[in-house]
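Okay, structure first, notes after.
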Amino acid sequence: MLSCELGMKLVYAVLFLVLAPVAGGLLAGLDRIISARMQRRVGPGILQPFYDVLKLWDKEGVEGNPAQGFYIFSFLLFVVLSGVFFFAGGDLLLVIFTLTIASVLFVTAAYSSNSPYSQVSAQRELLQTMAYEPMMLLVAIGFYACCGSFAVGDILNSASLNIVRMPGLFLGMCFIFLIKFRKSPFDVAMSHEIHQELIQGLATEFSGRTLALIEVAHWYEDVFLFGFVYLFFGGAGLFTLVGGLLACALVYFLMILVDNCCSRVKWQHLLRCSWAVTLVLGFTNVVYLMFRMQGY
Amino acid sequence: MSYFTKSPWLIHYDGSSCNGCDIEVLACLTPLYDVERFGIVNTGNPKHADIFLVTGGVNTQNLPVVRQIYEQMPEPHVVVAVGTCACSGGVFRECYNMLGGMDRAIPVDVYVPGCAARPESIIDGVVKALGILEEKAKKLAEKKAEGGTNGAVG
């Protein structure tokens with residue numbers, strides 16, 4: 001029985017490894033099409049992100065610092081690793097901390113270059129991490145208070161529907177996902193938009209294969225972040241699958257909509273409103289869950 | 001088949017243009033022409049770009065800038081000179097500080113004449129550049145194969 005369970009975990013982890021880049025790339029392509037339609041344009045084909053990455057793979061790489069490649073490879077590795085932990089039903093805290101290591105490695109890669117664009121974006125990325133990290137931790141604490149476990153497997157099979165008891169945490173998490181997905185108005189450190197003040201932000205100094213690896217890492221990250229959305233619909237039996245996937249689709253669409261409606265904010269505003277949301281939606285929800293746990 | 005023709009990213013630099021051509025370049029991105037259909041992205045970053053779209057002529061002030069952008073672009077890359085000024089210096093040709101068309105500063109692959117060049121002809125020029133880009137990519141791959149494990153090709 002135990003080996004069978006372990007086998008299933010391994011299967012999920014391998015499925016994530018293989019399918020996540022495909023799904024992530026398609027999602028990125030869909031994002032570009034939906035954005036284009038919102039701007040009354042036709043937009044590129046859905047496979048465009050794959051063409052971009054394959055092209056970058058063939059292009060010459062220019063490295064200001066030879067360590068860049070190592071940092072970016074480690075960034076990809078830790079993003080993949082945190083996804084594997086998640087989909088293998090591992091510990092939520094471990095997942096969040098591994099993801100934090102990944103983002104720190106990305107920042108280190110940006111700091112390793114002398115370019116002022118890269119340096120400023122690295123500082124902004126650290127501020128972004130400061131903005132979203134409290135909410136991520138509160139989500140983990142909330143799941144523990146709600147389901148009595150940090151394990152992803154237990155959370156999915158909890159006694160009742162998670163989102164009913166954690167609506168504040170869900171909304172708060174969707175809010176900080178705007179930062180994680182690098183969407184307007186919070187894309188202060190890196191953006192795919194044209195002609196922005198920091199060129200491409202963190203990715204300014206990377207080219208060729210290193211840039212391709214960054215793209216692939218983002219595909220992995222996107223898919224696995226949607227896993228968090230899915231988690232909120234755990235504990236509902238058959239409804240888990242339908243509700244979870246519908247919620248993912250809705251969150252994805254709303255994020256593109258917000259991205260196309262808003263202009264970029266300053267980092268001070270980003271910090272202030274993300275912490276306000278964390279405090280109002282996240283903290284109060286956790287306090288409620290704590291009281292419930294005590295039996296009030 | 002290489003993927004260079006499927007995902008050409010370009011950088012646009014205004015040399016000493018009157019902004020007429022630059023407005024037409026930006027018009028290519030609008031819903032009417034929508035060059036993103038072909039995977040074309042205006043990056044603003046030479047390290048990410050495949051196509052250098054340059055408007056206006058070269059003068060003593062922008063000469064080092066143009067050269068620096070050109071040198072920062074990884075191989076393979078192509079240069080498209082947009083507008084009469086970029087092709088030959090145009091009406092500014094005889095000015096005391098002008099050196100002439102963009103080919104005085106960097107090797108130009110495609111010339112798109114017009115004052116201002118129309119979006120249709122700019123897109124045409126970029127498509128022509130894609131053919132050259134493909135050829136350059138092929139040559140680069142051959143050179144790489146000959147050079148064995150030496151991946152960096154200058």
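In what follows, chains carry the letters A, B, and so on, assigned in the order in which the sequence lines appear, proteins first and then strands, with residues in each chain numbered from 1. Any value given below was found using the heavy atoms of this structure, including those in side chains, with hydrogens, waters and symmetry copies removed.
With salt bridges taken as basic N to acidic carboxylate O contacts below 4.0 Å, one links A:R41 and B:E36.
Under 3.5 Å, the side chains of A:S103 and A:E125 contain no donor-acceptor pair of N or O atoms. No hydrogens or angles considered: nothing links the side chains of A:T204 and B:N45 as a donor-acceptor pair under 3.5 Å.
Contacts with chain B were tallied for A:V62, A:I33, A:D52, A:L211; A:D52 has the most, counting heavy-atom pairs under 4.5 Å. Per-residue counts of heavy-atom pairs under 4.5 Å with chain A were compared for B:H77, B:R37, B:Q72; the largest is that of B:R37. Counting heavy-atom pairs closer than 4.5 Å to chain B, the top-ranked of the candidates A:R40, A:R32, A:K59, A:Q48 is A:K59.
Considering A:F228, A:F16, A:F226 in turn, A:F228 is the only one that fulfils the ring pair (Phe, Tyr, Trp, His ring centres under 6.0 Å) rule with A:F86.
Contacts of A:L47 with chain B are absent, with no heavy-atom separation under 4.5 Å from either backbone or side chain. Of the two parts of A:F50, neither the backbone nor the side chain holds a non-hydrogen atom closer than 4.5 Å to a non-hydrogen atom of chain B.
In this pair, B:W9 and B:H48 present their aromatic rings tilted. The plane angle is within the 30 to 60° band.
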